[in-house]
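Reviewing the structure listed below.
Only a predicted model underlies this, so the values are computations on that prediction, with no experimental measurement involved.
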Amino acid sequence: MELNVKTLEGKDAGKVSLSDLIFGLDPREDILARMVRWQLAQKQQGSHKTKSRSEVARTGAKMYKQKGTGRARHHSARAPQFRGGGRAHGPVVRSHAFDLPKKVRALALRHALSAKFKSEDLIIVDDLVASEAKTKALIGTLASLGLTNALVIGGAEIDNNFKLAAQNIPHIDVLPVQGINVYDILRRGKLVLSKAAVEALEERFK
């Protein structure tokens, strides 16, 4: 299948042939959901922590004698039921990550790319090069393509002027092709791929 190629100014720059194995799949929401959950779990810090009774800085002496007071039998004031005591069954530092097969991750990326193609939210540009690192100028350039919320994927290296100009634009993310991922594709409205990115993806999934 073919898709029109645009310049950054919105002019026609020919056509590009896209692989059906990458952009022509019928998107499956279950695979995409599994991948997004996996990515978000990888990002979680898991650094929340409370102190247990063994970690609280409080005396370990017996609160009062065992018998004769008429009160319940207690030993340490570090016990969870007391003010200033440890937290029972509180969160501990841990990793939230879980395993997802490599083949499923690769398939999810292809489904995400196919989803953008199917919804007509995929734009191919010939090159991502800015003459100067001016955010205002790039905003006008992207407006000619109708881009206000987009993920822009370039080749192995992004033009420095383009990267600097784009980094202050809200809702516009710019990544090299090796950083492409399902979560960022789905969280933005449009997906913009350079011709170099398309070639790299087809080589990757060949």
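- Side-chain N or O atoms of Gln178 include one that pairs as donor or acceptor with a backbone N or O of Ala156 at under 3.5 Å.
- Note that the CG atom of Leu113 and the CG atom of Leu122 stand 7.5 Å from one another [nearest 0.5 Å].
- Looking at residues two or more places apart in sequence or on another chain, you find a salt bridge (charged side-chain N to carboxylate O under 4.0 Å, His left out) between Lys190 and Asp121.
- The cluster map of Ile, Leu, Val, Met, Phe, Trp and Tyr, joined by side-chain heavy atoms under 4.5 Å apart, puts Leu147 and Leu138 in the same cluster.
- The OG1 atom of Thr141 sits 12.5 Å away from atom NZ of Lys136, with the distance rounded to the nearest 0.5 Å.
- For the pair Thr135 (side chain) and Ala165 (backbone), a donor-acceptor distance under 3.5 Å is present.
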Please evaluate residues Met1 and Asp20 with respect to the criterion side-chain contact (heavy atoms from CB on, under 4.5 Å), reporting the C-alpha separation (whole Å), side-chain torsions for both, the decisive distance (0.1 Å), and the verdict.
CA-CA 7 Å; Met1 53 192 178; Asp20 288 341; 3.5 Å; yes
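- The backbone N or O of His111 lies less than 3.5 Å from no partner atom in the side chain of Arg28, so there is not a single donor-acceptor pair.
- Taking each heavy atom of Asp26 and Lys118 in turn, the nearest pair found is OD1-NZ, 3.0 Å.
- By the side chain to side chain donor-acceptor pair (under 3.5 Å) test, Lys49 pairs with Glu55, sequence neighbours left out.
- When every heavy atom of Asn161 is checked against every heavy atom of Ser131, the shortest pair comes out as ND2-O, 3.5 Å.
- Ala166 approaches Val174 most closely through the heavy-atom pair CB-CG2, 3.5 Å.
- Neither Leu151 nor Ile158 shares a network with the other; the hydrophobic side chains, linked directly or stepwise wherever heavy atoms of I, L, V, M, F, W or Y lie under 4.5 Å apart, form separate groups for each.
- The shortest heavy-atom contact between Gly155 and Ser194 is N-OG, 3.6 Å.
- You'll find the side chain of Phe23 stays beyond 4.5 Å of the side chain of Leu3, heavy atoms only.
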How far apart are the C-alpha atoms of Val177 and Arg204, what are their side-chain angles, what is the distance that settles it, and do they pass the side-chain contact (heavy atoms from CB on, under 4.5 Å) test?
CA-CA 10 Å; Val177 68; Arg204 175 174 171 178; 6.0 Å; no
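- Taken to the nearest 0.5 Å, the CG atom of Asn149 stands 12.0 Å off from the CG atom of Leu142.
- In this structure, the side chain of Arg58 does not engage the main chain of Arg78 through any donor-acceptor pair within 3.5 Å.
- Although no hydrogens or angles enter the test, the distance criterion places no donor-acceptor pair under 3.5 Å between the side chain of Trp38 and the main chain of Asp99.
- Looking only at distances, no side-chain donor or acceptor of Gln44 sits under 3.5 Å from a matching main-chain atom of His96.
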Apply side-chain contact (heavy atoms from CB on, under 4.5 Å) to residues Val56 and Phe82 and explain how you reach the verdict.
CA-CA 12 Å; Val56 171; Phe82 297 118; over 6 Å; no
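- At least one donor-acceptor pair closer than 3.5 Å links the side chain of Arg110 to the backbone N or O of Leu21.
- Around atom CD of Glu2, more than 12 heavy atoms belonging to other residues, nucleotides or ligands sit under 6.0 Å away.
- When atom types are taken as modelled, the side chain of Lys116 and the backbone of Gly189 share a donor-acceptor pair closer than 3.5 angstrom.
- Checked options Val5, Leu145, Thr7; the residue passing with Val125 is Leu145 (criterion: side-chain contact (heavy atoms from CB on, under 4.5 Å)).
- Atoms CD1 and NZ, on Ile139 and Lys134 in that order, are 13.0 Å from each other to the nearest 0.5 Å.
- Surrounding CD of Glu29 are at most 12 heavy atoms belonging to other residues, nucleotides or ligands under 6.0 Å away.
- Criterion: ILVMFWY side-chain heavy atoms under 4.5 Å apart, direct or through other members. Under it, Leu40 and Val104 are part of a common hydrophobic cluster.
- Checked by atom type and distance alone, the side chain of Asp159 pairs as donor or acceptor with a backbone atom of Ala130 at under 3.5 Å.
- Hydrophobic cluster membership is shared by Phe98 and Tyr183, with clusters built from Ile, Leu, Val, Met, Phe, Trp and Tyr side chains linked at under 4.5 angstrom.
- Residue Arg73 places its CZ atom among 12 or fewer non-hydrogen atoms of other residues, nucleotides or ligands, all under 6.0 Å distant.
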Trace of the side-chain contact (heavy atoms from CB on, under 4.5 Å) decision for Val198 with Ile22
CA-CA 10 Å; Val198 172; Ile22 303 174; over 6 Å; no
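- Atom NZ of Lys51 has 12 or fewer heavy atoms from other residues, nucleotides or ligands within 6.0 Å.
- Leu100 and Met35 get closest at one heavy-atom pair: CD2-SD, 3.9 Å.
- In this structure, Gln66 CD and Arg71 CZ are separated by 13.0 Å, a value rounded to the nearest 0.5 Å.
- In terms of heavy-atom proximity, Leu25 sits nearest to Pro27 at O-CD, 3.2 Å.
- The cluster map of Ile, Leu, Val, Met, Phe, Trp and Tyr, joined by side-chain heavy atoms under 4.5 Å apart, puts Leu107 and Val36 in different clusters.
- Looking at Ser144, its side chain does come within 3.5 Å of a backbone N or O of Leu8 through a donor-acceptor pair.
- Other residues, nucleotides and ligands contribute over 12 non-hydrogen atoms within 6.0 Å of the NZ atom of Lys6.
- The line from CG of Leu201 to CD1 of Ile180 is 5.0 Å long, rounded to the nearest 0.5 Å.
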